[in-house]
Number of protein chains: 2
Amino acid sequence: MQKKRVTLADVARLAGLSPTAASMILTGRPDTRLSAEAHAKVHAAAAELGYRPNVAARALRTDQSRSIAFISDYVATTRFASGLIRGALAAADAARNVLLVLETGGEPARTLRAIEAALDRQVDGVILAAMRAREVFLPDIAISVPTVMLNGTNARFPTSVLPDEFEGGRSAVRLLAEAGITDRLVLVGHNPDEERGQFRSETISRRLAGIRSEMSARGMAFAAELSSWDWEVSNGYDLVRRLLRKDRPRGLLCLNDRLAFGAYQALGEARLSIPGDVALVSFDNDELASYLRPGLTTIALPHQKMGQLAVELLLNGPLAAGEHLVPMSAVSRGSIPAAHP
Amino acid sequence: MQKKRVTLADVARLAGLSPTAASMILTGRPDTRLSAEAHAKVHAAAAELGYRPNVAARALRTDQSRSIAFISDYVATTRFASGLIRGALAAADAARNVLLVLETGGEPARTLRAIEAALDRQVDGVILAAMRAREVFLPDIAISVPTVMLNGTNARFPTSVLPDEFEGGRSAVRLLAEAGITDRLVLVGHNPDEERGQFRSETISRRLAGIRSEMSARGMAFAAELSSWDWEVSNGYDLVRRLLRKDRPRGLLCLNDRLAFGAYQALGEARLSIPGDVALVSFDNDELASYLRPGLTTIALPHQKMGQLAVELLLNGPLAAGEHLVPMSAVSRGSIPAAHP
DNA sequence: TGCATTTGCTAAATGGTTTTAGCAAGGAAC
DNA sequence: GTTCCTTGCTAAAACCATTTAGCAAATGCA
């Protein structure tokens with residue numbers, strides 16, 4: 001369809017120099033002693049021919065492929081979660097790198113295949129991302145390149161990027177308190193096992209810890225705590241419907257946006273208005289939050305920034321071990337009353 | 001972090017044979033005359049050393065990288081749309097290929113960079129996917145490898161994978177008709193310009209053509225057609241709220257799920273029940289559809305299958321030009337009454 | 001036995017880039 | 001007039017797998 005690729009040798013020939021010289025000049029080596037004239041000639045030749053280096057050949061020689069693997073249990077669970085990928089893509093693009101995206105479905109065999117496929121292609125780094133699980137299972141295979149855990153943790157890879165759930169939890173309570181809602185407050189979605197760090201792991205329990213910390217700092221307490229194993233729309237609906245049979249809460253603190261959506265449905269059926277009768281705050285800033293009416297006030301998961309940070313950590317020098325916490329910011333829409341004077 | 005990579009030479013040495021022999025055996029060449037014993041020795045050696053071929057080196061020699069580029073305007077607009085990627089990933093994985101995912105944001109400059117980055121990495125094929133736009137803009141750069149348009153069309157690349165919108169449109173009408181709803185039917189979201197093929201291009205106008213075809217085949221006609229440029233939740237809400245001031249429809253045919261969600265909100269406010277008072281059918285089978293109550297009956301976009309097909313077309317021999325239509329299937333939930341006897 | 005063919009394997013070239021080692025010419029220092 | 005730097009450049013090796021061309025031994029055929 002097209003003539004043969006232009007190689008470095010072609011550029012060198014046109015410039016009247018050796019491939020060595022051309023390579024040194026085009027890669028911008030610092031301490032070379034080639035003349036300014038040579039630089040000019042090589043750049044001109046490269047531009048004229050539209051030269052683009054063959055990344056495979058370069059990778060063979062340098063062991064650097066300018067590509068990194070993004071290995072995820074799921075590629076997207078919600079549109080919002082795909083912000084992890086989007087942020088990573090943008091950061092990779094900015095650094096002229098490319099993302100190899102691999103999905104594992106959480107299956108060990110597929111995870112193993114994915115890691116091998118990535119390593120075979122000489123990736124410069126690996127991002128192990130979690131859309132669902134937090135504590136990520138990893139097959140026992142050595143990964144010979146820098147590795148970052150994204151939205152999850154694993155003992156073998158100490159560098160991780162996580163949302164700052166503790167502060168996020170505090171923000172949610174603060175939002176309610178500042179709107180004057182300090183009473184008849186119900187927590188929706190809490191699961192005692194979670195909180196003990198048993199299941200979805202620490203990050204969710206940190207969210208709860210932040211909530212509890214801010215509550216007690218302000219002398220507030222929940223009137224009730226509705227727990228649920230899953231956090232889907234239908235769970236929110238069921239929990240709140242049952243609640244409304246007995247109680248009339250003033251505010252609901254939902255642990256994610258889907259639960260909140262279910263709560264909206266139950267409140268709507270009960271003819272209760274938001275935020276007049278009942279105020280709501282939740283977490284995630286899922287796509288849903290903007291669809292609801294009134295819009296849902298929620299503490300956003302900073303997925304995009306997290307994805308970006310993961311790539312930047314990989315690309316910028318030696319990996320800093322430890323947890324890199326990305327702030328969660330409050331997105332105010334209409335589900336809580338305007339702040340108290 | 002790890003010892004040096006095992007190379008083919010190492011395998012050959014351990015097996016007591018030449019690299020030539022090892023290569024031929026491991027790549028499974030058909031007509032070679034190497035002994036069964038040699039095969040056994042090489043395989044044993046490869047297994048013992050845990051040999052994995054260096055894809056970069058292989059790419060250099062064979063011009064095949066076992067990787068294909070997935071270049072998309074957006075990586076996901078809804079969770080559902082990310083099915084395009086998910087399907088592509090699964091098919092690539094099955095063929096031991098890998099996906100280079102690139103996002104362009106619809107910007108020409110970024111699109112150009114993405115194509116170059118992919119070509120530089122010797123991808124075996126390119127998928128140009130569209131999450132939003134249907135008629136895809138492409139910078140004027142030659143792509144020297146097989147290319148498939150996914151969920152979009154472009155004159156320069158005749159092979160495309162599209163949903164079968166015409167039949168999908170017919171199904172939606174059929175669903176309503178079979179539930180006995182043939183009267184007081186309103187179309188929500190239609191835009192006259194679209195239908196003339198002006199904007200989002202043919203595929204949406206095919207959806208409408210299918211709808212109209214089935215309507216007239218059954219002697220049905222819309223009581224009203226509400227048009228809107230955008231198809232977001234708020235548009236659906238506004239359109240239907242305005243409609244309800246004057247009319248009392250029996251059924252709404254919404255052109256996507258977000259419009260339908262908006263319609264739910266307006267109907268809820270007006271205290272109309274679904275499907276008792278008003279039935280709804282829409283398109284896409286977005287994540288939303290299952291969240292609503294009652295569940296939304298919708299004609300699914302077969303995103304996952306489409307992504308899969310795109311990869312398979314690339315990988316299986318010469319590209320078949322033309323449009324490859326993937327059927328849209330109806331997903332019945334609770335928003336239309338049970339079928340008429 | 002003599003010649004051709006088949007069998008079983010290997011040497012060496014190839015792909016495109018980077019990098020090491022070093023050459024030739026000119027100038028400076030002694 | 002040597003010797004020693006410096007400057008400006010290049011030859012060739014290296015990276016690793018694939019592939020072409022071909023070699024030596026064994027076998028088949030007459």
Side-chain angles (χ1 to χ4, degrees), chain A residues 3-43 45-46 49-67 96 119-124 144, chain B residues 3-43 45-46 49-67 96 119-124 144:
Chain A
K3 304 176 194 175
K4 256 180 88 185
R5 244 192 119 87
V6 176
T7 79
L8 186 62
D10 298 328
V11 173
R13 202 172 309 118
L14 180 60
L17 288 167
S18 69
T20 309
S23 170
M24 287 171 156
I25 288 171
L26 290 176
T27 53
R29 271 232 206 159
D31 54 346
T32 179
R33 294 178 313 233
L34 294 161
S35 65
E37 190 196 10
H39 275 81
K41 282 196 293 189
V42 167
H43 280 123
L49 298 176
Y51 170 69
R52 313 222 83 226
N54 180 324
V55 177
R58 181 179 282 175
L60 186 57
R61 190 65 236 258
T62 62
D63 263 327
Q64 297 228 328
S65 56
R66 296 193 84 75
S67 56
R96 295 284 176 278
L119 259 30
D120 287 352
R121 282 162 183 84
Q122 324 281 117
V123 294
D124 300 339
S144 47
Chain B
K3 302 174 194 179
K4 255 180 89 185
R5 243 192 119 88
V6 176
T7 81
L8 185 63
D10 299 327
V11 173
R13 203 172 308 120
L14 180 60
L17 288 167
S18 70
T20 309
S23 171
M24 287 172 156
I25 289 171
L26 290 176
T27 53
R29 270 232 206 160
D31 54 346
T32 180
R33 294 177 313 234
L34 294 160
S35 65
E37 188 196 11
H39 276 80
K41 282 195 294 188
V42 167
H43 279 122
L49 298 176
Y51 171 69
R52 312 223 83 226
N54 181 323
V55 177
R58 182 179 281 174
L60 188 56
R61 190 65 236 263
T62 62
D63 264 327
Q64 297 227 328
S65 57
R66 296 193 84 76
S67 56
R96 295 284 175 280
L119 258 30
D120 288 351
R121 283 162 182 84
Q122 323 282 117
V123 295
D124 300 340
S144 46

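Numbers restart at 1 for each chain; the letters A, B, ... are given by sequence-line order, proteins then strands. Note that the structure is predicted; figures quoted are calculated from it, not measured.
- Candidate nucleotides D:dA17, C:dT18, C:dC9 were compared by shortest atom distance to the side chain of B:Arg33, and C:dC9 ranks first.
- Among residues at least two apart or in separate chains, side-chain hydrogen bond (donor to acceptor under 3.5 Å, both in side chains) pairs with a member in residues 8-18 of chain B are B:Asp10-B:Arg13.
- Listed by residue number, A:Leu17, A:Ser18, A:Thr20, A:Ala21 are the residues of residues 17-29 of chain A with a heavy-atom contact under 4.0 Å to DNA chain D.
- For A:Arg121 and D:dA17, the CZ to C1' distance is 15 Å, given to the nearest whole Å.
- In this structure, CG in A:Leu119 is found 7.0 Å from CZ in B:Arg5, a value given to the nearest 0.5 Å.
- In terms of position on DNA chain C, the residue among A:Leu8 and B:Glu37 whose nearest nucleotide sits closer to the 5' end is B:Glu37.
- Distance, A:Asp63 CG to D:dA14 P: 16 Å, rounded to whole Å.
- A:Gln64 places its CD atom 10 Å from the P atom of C:dT19, with the value rounded to the nearest Å.
- Of the candidate nucleotides C:dT17, D:dA17, C:dT18, C:dT17 has the atom lying nearest to any side-chain atom of A:Ala57.
- Among the heavy atoms of the strands lying under 4.0 Å from B:Ala38 are primed sugar atoms or P, OP1, OP2 only; no base atom is included.
- Protein atom CZ of A:Arg66 is 15 Å distant from nucleotide atom C1' of C:dT17, rounded to whole Å.
- The interatomic distance linking A:Arg5 (CZ) with C:dT17 (C1') rounds to 12 Å, in whole Å.
- Taken to the nearest 0.5 Å, the CG atom of B:Asp124 stands 8.0 Å off from the OG1 atom of B:Thr62.
- The heavy-atom pair separating A:Tyr51 from A:Val6 by the smallest distance is CD1-O, 3.5 Å.
- Taking 4.0 angstrom as the limit, B:Arg61 places none of its side-chain polar atoms (N or O) nearer than this to OP1 or OP2 of C:dT14.
- At the phosphate of D:dC9, OP1 or OP2 sits under 4.0 Å from a side-chain N or O atom of A:Ser35.
- Here the P atom of nucleotide D:dC16 and the CZ atom of A:Arg58 are 18 Å apart, to the nearest Å.
- The two atoms that bring B:Ala45 and B:Val11 nearest to each other are CB-O, 3.7 Å, heavy atoms only.
- Distances from the side chain of B:Thr62 to the nucleotides D:dC16, D:dT18, D:dC9 place D:dT18 closest.
- One finds the OG atom of A:Ser67 at 6.0 Å from the CZ atom of B:Arg121 (value rounded to the nearest 0.5 Å).
- Side-chain contact between B:Val55 and A:Gln122 is absent, with no heavy atoms from C-beta onward closer than 4.5 Å.
- Separating the CG atom of A:Leu60 from the C1' atom of C:dT19 is a distance of 13 Å, rounded to the nearest angstrom.
- Rounding to the nearest 0.5 Å places CZ of B:Arg66 at 7.5 Å from CZ of B:Arg58.
- Here B:Leu14 contributes atom CG and B:Leu49 contributes atom CG; the two are 5.0 Å apart, rounded to the nearest 0.5 Å.
- When rounded to the nearest whole Å, the span between CG of B:Asn54 and C1' of C:dT17 equals 14 Å.
- Across the helix from C:dT1-D:dA30 to C:dC30-D:dG1, the helix axis at one end is tilted relative to the axis at the other end by 60° (nearest 10 degrees, each axis from five pairs).
- From A:Thr7, atom OG1 reaches atom CZ of A:Arg52 across 15.0 Å, with rounding to the nearest 0.5 Å.
- Between A:Tyr51 and C:dT17 there is a side-chain N or O to OP1 or OP2 distance below 4.0 Å.
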